[in-house]
Amino acid sequence: MANNDLNDDFKGPRTYVELLKEILSPEFETHTTREQSKVEKNVLELCKVKKPLLSRNRHISYLKKSITNLSKNYEALDCSRPWICYWTLHSLELLGERLDDDLCSNVVQFLNKCQSPTGGFGGGPGQDAHLASTYAAVNALCVIGSREAYNIIDRQKTYEFLKSLRTDEGSFHMHVNGEMDIRGVYCALAVAKLLNIYTPELFKNTEKWVAKCQTWEGGFAGCPGMEAHGGYSFCGLASLVMLNKSNVFNLSAFIRWIVNKQMRLEGGFQGRTNKLVDGCYSFWQGGAFPLINSILAAESKTKNLEAYWMFDQKALQEYLLICCQDPFGGMLDKPGKNSDIYHTCYCLSGLSVAQNSPEKVVIEPSEVNAVDVTHPVYNIVFETAMKAIKYFSSLPLPEK
Amino acid sequence: MSSDNDEVEVSPKRERKYSSSSTDSEYVDLEADSFDNLDEDVHYHSKLHKRMSEQTFIPISEREAWKDVVPIEQDDGPNPIVAIAYSAKFKETHDYFRAIVKAKEKSERALNLTAECIWLNAANYTVWQYRRDILRELGIDLKDELKFIEMMIRCNFKNYQVWHHRRVIIEWMNDPSQELAFTAAILEKDDKNYHAWQHRQWAISFFNLFDNELEYAEQLIEKDIRNNSAWNQRYYVISNTTKFESDVLDREVDYALDKILEAPSNESSWNYLRGIMMHDKDGGMGYNRSILKKCEELYNNNCRSPHLLSCIIDISQERISCNDPKDSLFHTDKALELCTDLEEKYDKIRKKYWKYISQKISEKVKSTA
Ligand SMILES: [Zn+2]
């Protein structure tokens, strides 16, 4: 696509009348269509009255409150505390805000309490190491980016922890004797790449296992046989990019599947075919597009990156800014749901992807709405990821 | 990527509708999307919860059987971060759990304590793992464990740990006799539940239970033609029980085309058609008479479902070397025209995709010319 083909991308947001044309008119009703119609009705109502403006300060104060104290309602996330650190710190950084140094240091010390004597991080102090917590903790420490943060990570033991989770096929368990799915591969690779503890033996045949997770629809599933799903698709694609093995899967089927996950009326993404829009898929699905562009550029003779991503970047921003902001701070799944830190993180990350194509596309007023650039593989701010990679690449590889 | 912690709330300003043990906290929240049936779940959970909380609760510190144990507090360090305001009960139960783990105690009372922890937070994988260690060491009757895990899944059916635990127990028992009925009961309440489908597929593959599965998937498609998980299950059965022989392909193509005619706007049936035809050895969709005929019929009857147009475009690319007449629906000129229609009218949200496809077709035409 030549850039000038896409000039019309810079027209204002879609009009209400245009949106009305996109209402679902099913041949007959089922549970799926009834649920879909309810969502469309809610979205249309909001589009009539709300303007797409980012409530930056409200989100910042919401996030800052949560980094220190959480209500009893968070007991259910008692095994995901490194996640809460990562979601909060990354969201703040996207919004251009940083915690003060003392507080950052407290986060580092807390995460160190979650680090397991056998390597990796658990969901809280004293808990068994878990691959997802390890990914979250490493990302959080990279966002903090101080020497103290980098140096608390025991890289040798982290490597041994990853090794202990590897299966013969090249997939990874989430924890020792725990479940095994494609999240494991993504988390292990992201950690290994950031920390410079990647070795070819650790990921031998991993691309073959990941390729088996691509489904008849084109997206990736959590494990072979299951249904294509936005979160798992991101894990699959990002893993193949990290492995530099993007030739082992069917790219055009993947593209066809994922472009069809953007909802024609809502503008946001659904996670699976015929499911409902959800703000968090703005990143899980949206984040795949920069990766698709880089694979296409590598395949083309010109090696030129397209100026834009292959989805409607303005429509996604409209969905996020009109439908996913809690007026009291925090972001959410869809109108009618409550905000939470997880959705705040992935809605903002999706907003970042939607804005930061090589040619930026920020819906006006851009000084209000623009957020920082996220790295589409790791989902931490791009510069932050590069700084961490540079630091750890100066350290020696682990002993095998 | 996680699950259902969709419903977890941050701010104290609103009260959660249901209690913590019924939530869906997951680590990488992959499953955050499947919350459609929330209201019913809440109802169900609250009933169960009520029953549990009506039982008299005695703090562990006041129980005779626990007199010898000194609880161990969580060590958050001097400056705690993301500190959760635990209820007294949550804190005490976990303090005792830390004590038994430290003492490596594997006993009946330790087993019961893990159940209390799980009841407060079913996502605690460390507790589940310790529970399995105890079960093995004490040689507990796994039939009771199956009852326990059934109740926990019914309360937390969007949580990774509960399903993993069930899988391990079923493997130990080597008895899959309840798995199909059990997952069917969960899917009855939430017919797209990813964990339930995954567990069902595991049981079917591990114990070879394919016999009636095609009928089961079909039933669910009958109930909701847009249930993509049910379509996925159909594909799973076909791909595991056949080699996509030509009679199988014919049957599946007929099935998909029937469903397409019922609801041409349904993406699932179109995707299924394409997915099945990936295995065709006679050239694919572009050389299948029934598909070509149905596409023409639909188009001539003014159907403009983007999925139909998309299928016609794919077919034109497969038939690029067939020298179809210029006015054929499957000529690449028509495909380019359809791409423009999609961009401008029928599928505006995917404008950039259709420009990309249109460009790819033009390149192909040039290179075959
Ligand atoms: Zn979500």
Check: Checking B:Ile276 against chain A: side chain, backbone, both or neither under 4.5 Å from a heavy atom?
Finding: neither
Next item on the list: Please flag which part of B:Asp133 lies under 4.5 Å from any non-hydrogen atom of chain A: side chain, backbone, both or neither.
Entry: neither
Notebook entry, point to check: Based on non-hydrogen pairs under 4.5 Å, which of A:Val107, A:Asn177, A:Ile84 is most in contact with chain B?
Noted result: A:Asn177
Item checked: For A:Ser105, side-chain hydrogen bond (donor to acceptor under 3.5 Å, both in side chains) partners two or more places apart -> A:Glu148
Notebook entry, point to check: Among B:Asn79, B:Val101, B:Asp224, which has the most heavy-atom pairs under 4.5 Å with chain A?
Noted result: B:Asp224
Check: So what's closer than 4.5 Å to chain B heavy atoms on A:Pro82: side chain, backbone, both or neither?
Finding: neither
Note to self: Using a 4.5 angstrom heavy-atom cutoff, name the option from B:Ile72, B:Asn227, B:Asp347, B:Val127 with the most pairs to chain A.
What the structure shows: B:Asp347
Notebook entry, point to check: For the rings on A:Tyr319 and A:Phe269, is their centre-to-centre separation under 6.0 Å?
Noted result: no
Note to self: Is a donor from one side chain sitting under 3.5 angstrom from an acceptor on the other, for B:Gln74 and B:Asp95?
What the structure shows: no
Check: Are the aromatic rings of B:Tyr160 and B:His195 close, with centres under 6.0 Å apart?
Finding: yes
Item checked: Region of B:Trp231 that comes under 4.5 Å of a non-hydrogen atom in chain A -> both
Notebook entry, point to check: Is the A:Tyr186-A:Phe234 ring centre distance short of 6.0 angstrom?
Noted result: yes
Margin query: Given heavy-atom pairs under 4.5 angstrom as the criterion, report whether the side chain, backbone, both or neither of B:Arg274 touches chain A.
Written below: side chain
Note to self: I'd like to verify something: which residue of B:Arg132, B:His165, B:Glu262, B:Arg98 has the highest number of heavy-atom pairs under 4.5 Å with chain A?
What the structure shows: B:Glu262
Note to self: What part of A:Glu18 gets within 4.5 angstrom of chain B, counting heavy atoms only: side chain, backbone, both, or neither?
What the structure shows: side chain
Note to self: Shorter than 4.5 Å, heavy atoms on both sides: which option in B:Tyr236, B:Tyr272, B:Tyr235 has the most such pairs with chain A?
What the structure shows: B:Tyr235
Margin query: Need one label for B:Pro264: side chain, backbone, both or neither, based on atoms under 4.5 Å from any heavy atom in chain A.
Written below: both
Notebook entry, point to check: Parallel, tilted or perpendicular for A:Tyr346 and A:Trp87, by the 30°/60° rule?
Noted result: perpendicular
Checklist line | A:Leu24 portion near chain B, given a 4.5 angstrom heavy-atom threshold | finding: side chain
Check: For the ring pair B:Tyr130 and B:Phe97, is the centre-to-centre distance below 6.0 Å?
Finding: yes
Next item on the list: Measure distances from A:Phe283 to the heavy atoms of chain B and classify the residue's part below 4.5 Å as side chain, backbone, both or neither.
Entry: neither
Next item on the list: Measure the acute angle between the ring planes of A:Tyr86 and A:Tyr135, then classify it against the limits of 30° and 60° as parallel, tilted or perpendicular.
Entry: perpendicular
Check: So which of A:Val176, A:Thr273, A:Thr68, A:Thr30 has the biggest tally of heavy-atom pairs under 4.5 Å with chain B?
Finding: A:Thr273
Check: Pick from B:Ser205, B:Gly275, B:Ser265: which one has the most heavy-atom pairs with chain A under 4.5 Å?
Finding: B:Ser265
Next item on the list: Against chain A, work out which of B:His279, B:Glu267, B:Lys348 has the most heavy-atom pairs shorter than 4.5 Å and name it.
Entry: B:Glu267
Checklist line | Contact origin within A:Leu296 toward chain B - heavy atom pairs under 4.5 Å | finding: side chain
Checklist line | Between A:Arg81, A:Glu217, A:Gln127, the one whose heavy-atom pairs under 4.5 Å with chain B are most numerous | finding: A:Arg81
Note to self: Quick one, A:Asn293 and A:Tyr308 - any side-chain contact, counting heavy atoms below 4.5 Å?
What the structure shows: no
Next item on the list: Using side-chain contact (heavy atoms from CB on, under 4.5 Å) as the criterion, list what pairs up with A:Cys104, not counting sequence neighbours.
Entry: A:Arg98, A:Leu99, A:Ile144
Item checked: For chain B, the option from A:Gly178, A:Gly124, A:Ala315 that forms the most heavy-atom pairs under 4.5 Å -> A:Gly178
Item checked: CD (B:Glu188) with more than 12 external heavy atoms under 6.0 Å -> no
Next item on the list: Answer whether the closest heavy-atom distance between the side chains of B:Gln233 and B:Gln201 falls below 4.5 Å.
Entry: yes
